[in-house]
Number of protein chains: 2
Amino acid sequence: MKTLPVLPTICCGPETPPLDEHARTELAARFKALADPTRVAIVNRLAAANEVCVCDLTGAFELSQPTISHHLRLLREAGLVESSRRGTNAYYRLVPDAIAALRAALG
Amino acid sequence: MKTLPVLPTICCGPETPPLDEHARTELAARFKALADPTRVAIVNRLAAANEVCVCDLTGAFELSQPTISHHLRLLREAGLVESSRRGTNAYYRLVPDAIAALRAALG
DNA sequence: CGTCTTCATTGACATCCATCAATGTAACAC
DNA sequence: GTGTTACATTGATGGATGTCAATGAAGACG
């Protein structure tokens, strides 16, 4: 996976062209996935147990089930989590590389 | 500065109370500051040179001067950057601790 | 078959956000 | 003083976002 560093940059001076369009958009999209308190908390839960059933999440937050599902979708589309179904349940887990890539981008 | 870790969590199981309300909100607010391509690029520029004049930024992006000023304000309010004026110019620089705190929250 | 249960999707609504044009402010130059 | 330059702020607008109620889809269990 590409790293897209923010801190160690191409470098310097008023003449430097701004960060590649695609790189900015990519990074911003991933940060946007974490730009909501509920999604931060969901990622937190997923980090605590390496697999969490949606039913546990809907129980843990005072939000409707569709809202939780909506946030999970955003996290999934951002590539930060992945899911699999077993029976009628859906289980979500973090994508460690995606988190690591974000951390790398911050330095 | 408090660290607000996301990955190394309070820990575990469906019984675990969700992340402290204040902690989620705080973290989400900071990630939101990076949830826009222009702001990612601005932070990138600031990381490349440890002080950048606003005039250089307005020149580097194809956006109006008020829009750049708006983004700088958001970054400033999030505590990610700080500014000082010398003469008629304003110079912005990163707040390294704030960036480090975000990185820490990701692991 | 039918009925739950679990999750996803849709539709609607209120709020927030990125953007720009216009205006304001403050410092320099003359 | 006048004028100019560099940023900030305001106001307006189109688009995105978080939320829920209602509905849909797919398994499990009789």
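Numbers restart at 1 for each chain; the letters A, B, ... are given by sequence-line order, proteins then strands. Hydrogens, waters and symmetry mates are skipped; everything else that's a heavy atom, side chains included, is used.
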Student: Both A/Arg39 and B/Thr88 contact DNA chain D. Which one's nearest nucleotide lies toward the 5' end?
Tutor: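 With A/Arg39 and B/Thr88 compared, the 5'-side residue is B/Thr88.
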Student: Could you tell me whether A/Glu77 and A/Arg30 make a salt bridge, using a distance below 4.0 angstrom between a side-chain N and a carboxylate O?
Tutor: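 Looking at A/Arg30 together with A/Glu77, the answer is no, because their closest N to O distance does not fall below 4.0 Å.
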Student: Would you say the base of D/dA8 and the side-chain of B/Gln65 have a donor-acceptor pair closer than 3.5 Å?
Tutor: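 Present.
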Student: Give a yes-or-no answer on whether the side chains of B/Arg93 and B/Ser84 include a donor-acceptor pair shorter than 3.5 Å.
Tutor: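 Yes, side-chain donor-acceptor contact under 3.5 Å.
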Student: Send over the distance from B/Arg85 CZ to D/dA8 P, rounded to a whole Å.
Tutor: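 That distance rounds to 6 Å.
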Student: What integer distance in Å separates A/His70:NE2 from C/dA8:P?
Tutor: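 After rounding, the reported distance stands at 13 Å.
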Student: With A/Tyr92 as reference, evaluate A/Arg76, A/Glu51, A/Glu82 under the side chain to side chain contact (heavy atoms under 4.5 Å, CB included) test and give the passing residue.
Tutor: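 Going through the options one by one, the only one that passes is A/Arg76.
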Student: Would you mind telling me which residue lines up with the more 5' stretch of DNA chain C, A/Asn89 or A/Thr67, judged by nearest nucleotide?
Tutor: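 So the residue in question is A/Asn89.
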Student: Is A/His71 touching bases, backbone alone, or none of the nucleic acid, heavy atoms closer than 4.0 Å?
Tutor: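 If one applies the 4.0 Å heavy-atom cut-off, A/His71 turns out to touch the sugar-phosphate alone, with no base involved.
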Student: Is A/Leu74 touching bases, backbone alone, or none of the nucleic acid, heavy atoms closer than 4.0 Å?
Tutor: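 Touches sugar-phosphate only.
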Student: Could you check which of D/dG18, C/dT10, D/dA8 has an atom nearest any side-chain atom of A/Arg73?
Tutor: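 For the A/Arg73 side chain, the nearest candidate turns out to be C/dT10.
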Student: To the nearest Å, give me how far apart CD (B/Glu62) and P (C/dC20) are.
Tutor: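 Between P of C/dC20 and CD of B/Glu62: 10 Å.
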Student: Report the distance from atom OG of A/Ser83 to atom CG of A/Leu75, rounding to the nearest 0.5 Å.
Tutor: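 With rounding to 0.5 Å, OG (A/Ser83) is 11.0 Å from CG (A/Leu75).
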Student: If I take atom CG in residue A/Leu72 and atom C1' in nucleotide C/dT9, what distance separates them, rounded to the nearest angstrom?
Tutor: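 Taking CG of A/Leu72 and C1' of C/dT9, I get 14 Å after rounding.
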Student: For a quick check of understanding: with a heavy-atom distance under 4.0 Å over all strands, which category does A/Tyr91 fall into, base, sugar-phosphate or nothing?
Tutor: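 If one applies the 4.0 Å heavy-atom cut-off, A/Tyr91 turns out to touch nothing in the nucleic acid.
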Student: If you assign A/Pro66 and A/Lys32 each to the DNA chain D nucleotide with the nearest heavy atom, which residue ends up on the more 5' nucleotide?
Tutor: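 Looking at the nearest nucleotide for each, A/Lys32 comes out on the 5' side.
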Student: Separation of A/Asp36 atom CG from C/dC16 atom C1', in whole Å?
Tutor: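 Computing the A/Asp36:CG to C/dC16:C1' distance gives 12 Å.
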Student: Is it true that the NZ or CZ of B/Arg85 lies under 6.0 Å from the centre of B/Tyr91's six-membered ring and within 45 degrees of the ring axis?
Tutor: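 Verdict for B/Tyr91: no cation-pi partner in B/Arg85.
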Student: Rounded to whole Å, how long is the line connecting atom CZ of A/Phe61 with atom P of D/dT19?
Tutor: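 Nearest whole value for this atom pair: 11 Å.
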Student: For a quick test of reading the model: is some side-chain N or O of A/Tyr92 closer than 4.0 Å to OP1 or OP2 of C/dA8?
Tutor: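 True: A/Tyr92 side-chain N/O within range (under 4.0 Å) of C/dA8 OP1/OP2.
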Student: Send over the distance from A/Arg86 CZ to C/dC7 C1', rounded to a whole Å.
Tutor: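 Computing the A/Arg86:CZ to C/dC7:C1' distance gives 15 Å.
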Student: How long is the line joining CG of A/Leu34 and P of D/dT17, in whole Å?
Tutor: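 To the nearest whole Å, that distance equals 14 Å.
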Student: Compare the minimum distances between each of C/dT19, C/dC7, D/dC7 and the side chain of A/Cys55, then state the nucleotide with the smallest one.
Tutor: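 Shortest atom-to-atom distance from the side chain points to C/dC7.
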